[in-house]
Amino acid sequence: MTFIPYRILLGATPVLVDSEPDTWNIDPELLEEAILDRKAKTGKYPKAIVPVALYGMPYKADRIMEIANKYGIPVVEDAAEGFGSRYKGQMLGTFGKYGVLSFNGNKMITTSGGGALITEDEEHWREIMMYATQYRESYPYYQHEKIGYNYRMSNICAGIGRGQMTVVDQHLAHHKHVQALYEDLLKDVPGVHVHSQPNPRSLDYARDDKEEVPVYDSNYWLCTITIDEDVKVKGQENAYKTIVTGAVGGAAGVIHAAESAHTDCEPNANVEAMRVALDKAQIEARPVWKPMHKQPCYKDVPAYVNGVSEAIFKVGMCLPAGPYVSDDDVKYIVETIKAAIERA
């Protein structure tokens with residue numbers, strides 16, 4: 001998801017694969033169907049598989065790698081939201097040929113912008129660093145055998161990142177604590193469900209050489225809920241009657257108003273009404289990410305869909321979970337959610 005715009009700018013054609021309902025990440029079985037169909041239609045396999053750790057939730061890495069190895073397709077892990085998340089004890093970003101992390105201002109740790117690339121192969125690392133540093137050869141003057149880029153992180157940003165690494169464990173623990181608090185406080189609210197990792201407290205374990213570890217260990221970068229369609233939220237009869245003129249959820253770059261309040265794929269009216277109610281209470285919330293195959297700019301790319309991501313988009317919402325979200329904040333958010341629901 002994160003790197004689709006960059007791939008298009010480089011001349012690549014993305015192939016979109018829908019989600020599975022457990023983790024909301026790429027559906028491995030649909031992935032294999034897409035690979036075989038692309039081979040049948042184009043005579044070629046896709047150049048890479050890019051699984052995304054949505055909201056920090058681990059994807060089914062073992063099955064994805066099994067499929068990738070079966071067809072000889074490299075995996076580039078989009079772990080931008082998954083820094084610190086593990087699958088069967090292994091850190092996301094270390095399964096594939098490459099892993100990519102984001103250090104944007106809203107991520108688990110930040111350098112204000114930029115990110116990091118992970119690879120265990122020194123030769124690949126050297127080639128990547130050559131491209132990232134203008135592909136400058138080892139001469140006392142500028143000599144370029146290939147055209148490179150100036151993608152190095154500045155010293156100031158790198159220094160911020162080194163400082164942030166000292167608090168990453170605290171940030172991870174805090175996000176998991178906030179998730180547990182949401183789960184506890186919302187467990188008795190009819191029609192409101194906190195999305196959590198599969199079998200979070202079961203005996204579903206993977207064994208390694210030293211200890212038993214859970215299959216899924218999400219960093220819960222963002223906490224998400226779903227709201228059943230039949231839940232009545234105050235003011236939902238007025239949902240989508242006003243065109244949004246600015247950014248929702250702190251996003252930047254919105255410089256003009258939409259032509260219509262509606263699109264052909266949007267959250268249910270009660271979800272939008274809940275977002276508005278939280279916004280009025282000074283709580284920043286947003287819908288879950290819109291499915292890529294429903295984005296107008298990707299309407300002509302190949303897509304293999306099963307309806308899961310569209311169904312989630314209709315009912316899903318992201319709630320605050322950052323380092324400055326306190327227990328009292330979570331309680332206030334939950335009480336605001338409860339107060340916004342109309343009681344029979």
Side-chain angles (χ1 to χ4, degrees), residues 1-20 24-27 30-31 33-35 37-38 41-42 44-55 57 59 73-82 98 100-102 104-107 113-115 117 149 151 221-222 224 239-240 242-268 271-272 275 285-318:
M1 294 175 73
T2 303
F3 298 110
I4 284 176
Y6 301 106
R7 295 200 297 276
I8 288 180
L9 290 172
L10 289 170
T13 299
V15 177
L16 306 178
V17 179
D18 215 328
S19 305
E20 45 85 10
W24 297 1
N25 292 320
I26 189 170
D27 183 329
L30 193 57
L31 167 65
E33 290 181 26
I35 290 170
D37 190 63
R38 299 319 298 165
K41 290 179 176 176
T42 68
K44 298 181 292 185
Y45 289 124
K47 294 292 187 182
I49 297 170
V50 187
V52 179
L54 195 63
Y55 310 121
M57 186 68 69
Y59 28 77
I73 304 173
V75 172
V76 180
E77 295 177 71
D78 182 351
E81 300 171 6
Y98 302 112
V100 182
L101 305 175
S102 171
N104 194 24
N106 62 353
K107 294 301 189 291
L117 186 141
Y149 307 90
Y151 283 169
W221 171 65
L222 275 184
T224 56
Y240 299 115
T242 302
I243 294 176
V244 175
T245 57
V248 172
V254 179
I255 60 173
H256 61 82
E259 295 180 357
S260 170
H262 291 280
T263 67
D264 67 343
C265 180
E266 62 190 20
N268 290 332
V271 175
E272 171 62 7
R275 184 194 67 80
R286 66 176 73 177
V288 296
W289 308 151
K290 185 167 186 173
M292 290 291 102
H293 68 278
K294 300 302 294 185
Q295 294 287 0
C297 53
Y298 305 131
K299 61 183 176 62
D300 295 325
V301 306
Y304 296 82
V305 300
N306 55 19
V308 172
S309 62
E310 288 186 55
I312 293 169
F313 185 59
K314 290 179 181 295
V315 299
M317 172 175 285
C318 302

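Treat the numbers as computed from the prediction; the structure is a model and nothing was measured.
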* Side-chain heavy atoms of Ile312 within contact of Val288, under 4.5 Å -> yes
* Interatomic distance, Cys265 atom SG to His293 atom NE2 [nearest 0.5 angstrom] -> 6.5 Å
* Structure fact -> Of all heavy-atom pairs linking Glu20 and Ile26, the shortest is CG-O, 3.7 Å
* Asked: Counting N and O atoms only, with roles assigned by atom type, does the side chain of Asn268 sit under 3.5 Å from a partner on the main chain of Val315, one being a donor and the other an acceptor?
  -> no
* Asked: Can you check whether Gly307's main-chain N or O pairs, donor with acceptor, with Glu310's side chain at less than 3.5 Å?
  -> no
* If you take all heavy atoms of Trp24 and Ser19, which pair is closest and at what distance? -> O-OG, 3.1 Å
* Please lay out, stage by stage, how Trp289 and Tyr55 fare under the test ring-ring contact (aromatic ring centres under 6.0 Å, His included). => CA-CA 10 Å; Trp289 308 151; Tyr55 310 121; 5.3 Å; yes
* To do: Dump the intermediate steps for side chain to side chain contact (heavy atoms under 4.5 Å, CB included) on Thr263 and Lys290, then the final yes or no.
  => CA-CA 11 Å; Thr263 67; Lys290 185 167 186 173; 3.1 Å; yes
* Residues Val15, Val301; criterion side chain to side chain contact (heavy atoms under 4.5 Å, CB included); working and verdict -> CA-CA 6 Å; Val15 177; Val301 306; over 6 Å; no
* List in chain and number order the residues that pass salt bridge (charged side-chain N to carboxylate O under 4.0 Å, His left out) with Lys314, two or more places apart in sequence or in another chain; answer none if no residue qualifies. => none
* **Shortest non-hydrogen separation from Val271 to Gly316 and the atoms involved** => CG1-O, 3.6 Å
* Asked: Do Asp27 side-chain atoms and Leu30 backbone N/O form a donor-acceptor pair below 3.5 Å?
  -> yes
* Okay, side chain of Asp78, backbone of Ala80: is any donor-acceptor separation there less than 3.5 Å? -> yes
* For residues Asp18 and Tyr304, is any side-chain donor paired with an opposing acceptor at under 3.5 Å? -> no
* To do: Could you pull out all residues at least two apart from Lys44 that satisfy salt bridge (charged side-chain N to carboxylate O under 4.0 Å, His left out)?
  => none
* With rounding to the nearest 0.5 Å, note down the distance linking NZ in Lys47 to OG1 in Thr13. => 11.5 Å
* **Heavy-atom side-chain proximity of Pro51 to Val75 below 4.5 angstrom** => yes
* Please report the C-alpha distance between Ser102 and Glu81 in whole Å, then the side-chain angles of each, then the deciding distance to 0.1 Å, and finally whether the side chain to side chain contact (heavy atoms under 4.5 Å, CB included) criterion is met. => CA-CA 7 Å; Ser102 171; Glu81 300 171 6; over 6 Å; no
* To do: Measure across Pro46 and Ile73 and return the closest heavy-atom pair with its distance rounded to 0.1 Å.
  => O-CG2, 3.5 Å
* To the nearest 0.5 Å, what is the distance between CD (Glu77) and CD1 (Ile49)? -> 11.0 Å
* Asked: Do you know which two heavy atoms are closest between Cys318 and Pro287, and how far apart they sit?
  -> SG-O, 3.8 Å
* To do: Could you tell me which non-hydrogen atom of Ile243 sits nearest to which non-hydrogen atom of Ala261, and how far apart they are?
  => CG1-N, 3.8 Å
* Asked: Do Arg286 and Met317 touch side chain to side chain, with heavy atoms closer than 4.5 Å?
  -> no
* Asked: Do Leu54 and Tyr59 touch side chain to side chain, with heavy atoms closer than 4.5 Å?
  -> no
* Start with the C-alpha gap between Glu272 and Tyr240, add the side-chain angles, then the distance that decides, and say whether side chain to side chain contact (heavy atoms under 4.5 Å, CB included) holds. => CA-CA 8 Å; Glu272 171 62 7; Tyr240 299 115; 3.7 Å; yes
* Asked: Under 3.5 Å, is there a donor-acceptor pair between the Lys294 and Ser309 side chains?
  -> no
